[in-house]
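Owing to the predicted nature of the structure, the values given are computational and were not obtained by experimental measurement.
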Amino acid sequence: MINYNKTYDVIVVGTGNAALCSAIAAKENGAEVLIIERGTKQKRGGNSYFTDGAIRFAYKDKHALQPILSQVSTKEIKHIDMPEYDTEDYYNDIMKVTKGKSAPNLARQLVNKSYETIQWMIKQGVEFELNENQSFNNDGVLQFWGGLPVKTHRKGIGLIEALIKKAELLGIEFKYNTRAIQLLTTDKKVSGIKVIEDEVENQISANSVVLACGGFEANREKRVQFLGEEWEQALVRGSEYNTGDGLDMAIEIGAQPYGDWSGCHAHTTDFQAPRVGDYTKPGDIYKKSSYPLGLIINCNGKRFVDEGADFRNYTYAKYGKETLRQPEQKAFQLFDEQVRNLLRVEYDLEEATSLKANTLEDLANKLGIERDAFIKTIEEYNNAVQDGEYNPAIKDGKGTQGITPPKSNWALKFEKAPFYAYPVTCGITFTFGGIHVNEYGEVLDQNQSQIPGLFAAGEMVGGLFYHNYPGGSGLMSGAVFGKLAGDSATKYVLENAKISN
């Protein structure tokens, strides 16, 4: 039980990747740390619990990954083809997909700290492995693409379990089923937090607070207010508790709202997926990410995006939003027999909703769409496909000509039966809008001055992602800024108050 008469050095709100990294870093620096979680113990882990585990960091070349991938032998590494991916590549990817709007100081901190933070996570017990979804076997050589060759062992579950285990070994206190509702201040410094536990309000004193409790993606009213009316019915791919509490608390005491409050990370997800994250089936199993190899049509039988514009790492977040804008907020990913064996593992799971037909006419009937319009779309696409060498490991330039939208890469004629269709909709993952945080995790007010004793990490960091984001960057950002916030909070306490004995 919490001693409500005690003053903690650092209170961390949340139990996701960012929160746990903050708490562990603070504890390693000697702070007395308390973690507060709105959910039950069985529903801890935030959005991180549901992630597929892919994590983007600057690694230079494949040999720099050997200390990270302990299960990959020197012999095996010889049969891996992996492009170099240094800090400039990572930074340029961020700036490319955010259209140059990402705050340079935050983007630079993320990419420059990424590799060393991965090394730090290993010391905390987190295990990493090759990301099989980012490679193709090319005559015995595992050919990687897209700058995302690593993921956490056992996906988000493994990540959270490892960090929880480390936190508990360090003696960090956890308080579950406790909702933080207000930051307390004394002499304009954060001095604690007000919580609700079993409908009873209590106050917990602290010398600093790290907010790492997510965005507002699970708050229907806030989604409508900031993202638009079409987002009211969007599926929530992760935690049901990310309703914007941390943002509200921070802004209430003067934190500056910052970043793209009208933007979010969204993904095409199975049309029959749960309305909120199912803790009995975590691991991002409902997503559908192989669309660059096929076609996407709406309920009118029309294509509406360039499926092959880029690798899925750089398009899936924005294509989820495009799906939401379609009739019935629904679309269908289509594949023929030529590419069926190349699809990612989520297409083979029992949870995957799929339809199969041997003719285009039968497929249209099973999809419940207008047959003639659908067949016309496929015919126009097939006639527009250009010759070229098909290679899904690179942007092969094998595209279409004379149709809108085009398919810029990986364009094969849709003609070899059987045909497969997967109904999808849009699932929201996290919101881009947050509060203004500097590169050390310190929360800033409207005058760009630090709010004494307040720090933030994870989804709450505004100004990093706009429009879109490079896949795997959210998990890396959570770890980088989580650790930085924990370090900064402890440094602040050491400089401004006495560390608890």
Side-chain angles (χ1 to χ4, degrees), residues 50-54 129-137 142-146 148 151 154-156 235 237 266-274 277-278 281-299 303 305 307-317 319-320 322-323 326 330-358 360 362-364 366-369 374 378 390-393 407 409-427 429 471-472:
F50 296 92
T51 180
D52 193 41
E129 62 189 24
L130 283 172
N131 184 6
E132 76 282 352
N133 285 326
Q134 296 292 128
S135 66
F136 290 96
N137 192 318
L142 207 55
Q143 190 169 1
F144 282 83
W145 49 272
L148 194 55
K151 67 178 183 178
R154 294 179 55 242
K155 304 183 178 182
L235 299 181
R237 301 179 64 232
H267 202 317
T268 47
T269 190
D270 195 291
F271 195 77
Q272 300 298 330
D278 183 348
K281 292 185 176 182
D284 207 4
I285 63 174
Y286 294 100
K287 68 181 178 184
K288 294 291 180 289
S289 295
S290 290
Y291 59 84
L293 304 180
L295 300 174
I296 309 174
I297 64 164
N298 61 23
C299 290
R303 294 175 57 246
V305 295
E307 302 91 344
D310 207 331
F311 292 118
R312 49 82 58 186
N313 297 343
Y314 307 111
T315 60
Y316 71 83
Y319 283 6
E322 291 300 324
T323 303
Q326 302 308 305
K330 185 178 186 180
F332 300 92
Q333 294 182 5
L334 308 180
F335 309 93
D336 73 358
E337 188 64 19
Q338 295 178 90
V339 299
R340 179 60 186 85
N341 67 321
L342 299 178
L343 303 189
R344 290 161 59 109
V345 293
E346 66 256 24
Y347 291 83
D348 295 319
L349 299 177
E350 64 178 354
E351 289 82 7
T353 306
S354 64
L355 299 161
K356 182 180 178 181
N358 288 316
L360 294 179
D362 190 24
L363 186 62
K366 288 185 176 182
L367 299 184
I369 61 178
F374 168 64
I378 299 301
Y390 178 75
N391 186 347
K407 186 172 185 185
N409 296 282
W410 313 300
L412 293 175
K413 289 186 177 182
F414 191 79
E415 60 184 4
K416 186 175 182 181
F419 304 110
Y420 305 86
Y422 297 83
V424 294
T425 187
C426 175
T429 315

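Using a 4.5 Å cut-off on side-chain heavy atoms (C-beta onward), Phe414 and Leu360 make contact. When side chains are defined from C-beta on, Leu342 counts as touching Phe136, because their heavy atoms get closer than 4.5 Å. When side chains are defined from C-beta on, Gln143 does not count as touching Ser135, because their heavy atoms never get closer than 4.5 Å. Between Leu293 and Pro392, some side-chain heavy-atom pair lies under the 4.5 Å cut-off. Put simply, the side chain of Phe374 reaches to within 4.5 Å of the side chain of Ile297, judged on heavy atoms. Two residues are said to be in side-chain contact when any heavy atoms from C-beta on lie closer than 4.5 Å; Phe332 and Cys299 meet this criterion.
Atoms NE2 and CZ, on His267 and Arg237 in that order, are 5.5 Å from each other to the nearest 0.5 Å. Taking OG1 of Thr425 as the start and NZ of Lys288 as the end, the distance is 12.0 Å to the nearest 0.5 Å. Rounded to the nearest 0.5 angstrom, Leu148 CG and Asn133 CG are separated by 9.5 Å. The NZ atom of Lys407 sits 7.5 Å away from the CZ atom of Arg303 when rounded to the nearest 0.5 Å. Residue Leu130 holds its CG atom at 7.0 Å from CG of Leu142, rounded to the nearest 0.5 Å. Summarising the geometry, atom CG belonging to Asn358 is positioned 10.0 Å from atom CG belonging to Leu363; distances are rounded to the nearest 0.5 Å.
In this structure, Asp270 contributes its side chain and Val424 its backbone to no donor-acceptor pair below 3.5 Å. Side-chain atoms of Asp52 do not come within 3.5 Å of backbone N or O of Asp284 as any donor-acceptor pair. Without hydrogens or angle criteria, Gln338 side chain to Lys413 main chain gives a donor-acceptor distance under 3.5 Å. Asp336 places no side-chain N or O within 3.5 Å of a backbone atom of Ala417 that could act as its donor or acceptor partner. At distances below 3.5 Å, not a single donor-acceptor pair connects side-chain atoms of Glu322 with backbone N or O atoms of Val305. Ser290 places a side-chain N or O within 3.5 Å of a backbone atom of Arg344 that can act as its donor or acceptor partner. Under a 3.5 Å cut-off, the side chain of Trp410 and the backbone N or O of Tyr390 do not form any donor-acceptor pair. In terms of modelled atom types and a separation under 3.5 Å, the side chain of Tyr314 and the main chain of Gly146 share a donor-acceptor contact. Using a distance-only test at 3.5 Å, with no hydrogens or angles considered, no donor-acceptor pair links the side chain of Glu129 to the main chain of Lys151.
Counted by atom type alone, Tyr286 and Gln272 present zero donor-acceptor pairs between their side chains at under 3.5 Å. With 3.5 Å as the limit, one finds no donor-acceptor pair spanning the side chains of Thr315 and Asp310.
Relative to the six-membered ring of Tyr316, Lys287 misses at least one condition, a distance below 6.0 Å or an angle of at most 45° to the axis. In this structure, Arg312 forms no cation-pi arrangement with Tyr291, as its terminal cationic atom is not both closer than 6.0 Å to the ring centre and no more than 45° off the ring axis.
Shortest non-hydrogen contact noted between Ser289 and Pro292 is O-CD, 3.5 Å. Residues Tyr422 and Ser354 come closest through the heavy atom pair CE2-CB, 3.3 Å. Cys426 approaches Thr323 most closely through the heavy-atom pair N-CG2, 4.3 Å. In plain terms, the two heavy atoms of Lys356 and Lys366 that are nearest each other are O-NZ, 2.6 Å. When all heavy atoms of Asn409 and Ala309 are compared, the pair lying nearest together is ND2-O, 4.0 Å. Scanning all heavy atoms of the two residues, the minimum distance from Leu235 to Pro274 falls at CD2-O, 3.8 Å.
In summary, the aromatic rings of Trp145 and Phe311 are positioned with their centroids under 6.0 Å apart. With ring centers used as reference points, Phe335 lies 6.0 Å or more from Phe419.
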Would Leu334 and Leu355 satisfy side-chain contact (heavy atoms from CB on, under 4.5 Å), going step by step from the backbone distance to the final call? CA-CA 10 Å; Leu334 308 180; Leu355 299 161; over 6 Å; no
Determine, step by step, whether Gln333 and Tyr347 satisfy the side chain to side chain donor-acceptor pair (under 3.5 Å) criterion, reporting the C-alpha distance in whole Å, the side-chain angles of both residues, the deciding distance to 0.1 Å, and the verdict. CA-CA 11 Å; Gln333 294 182 5; Tyr347 291 83; 2.5 Å; yes
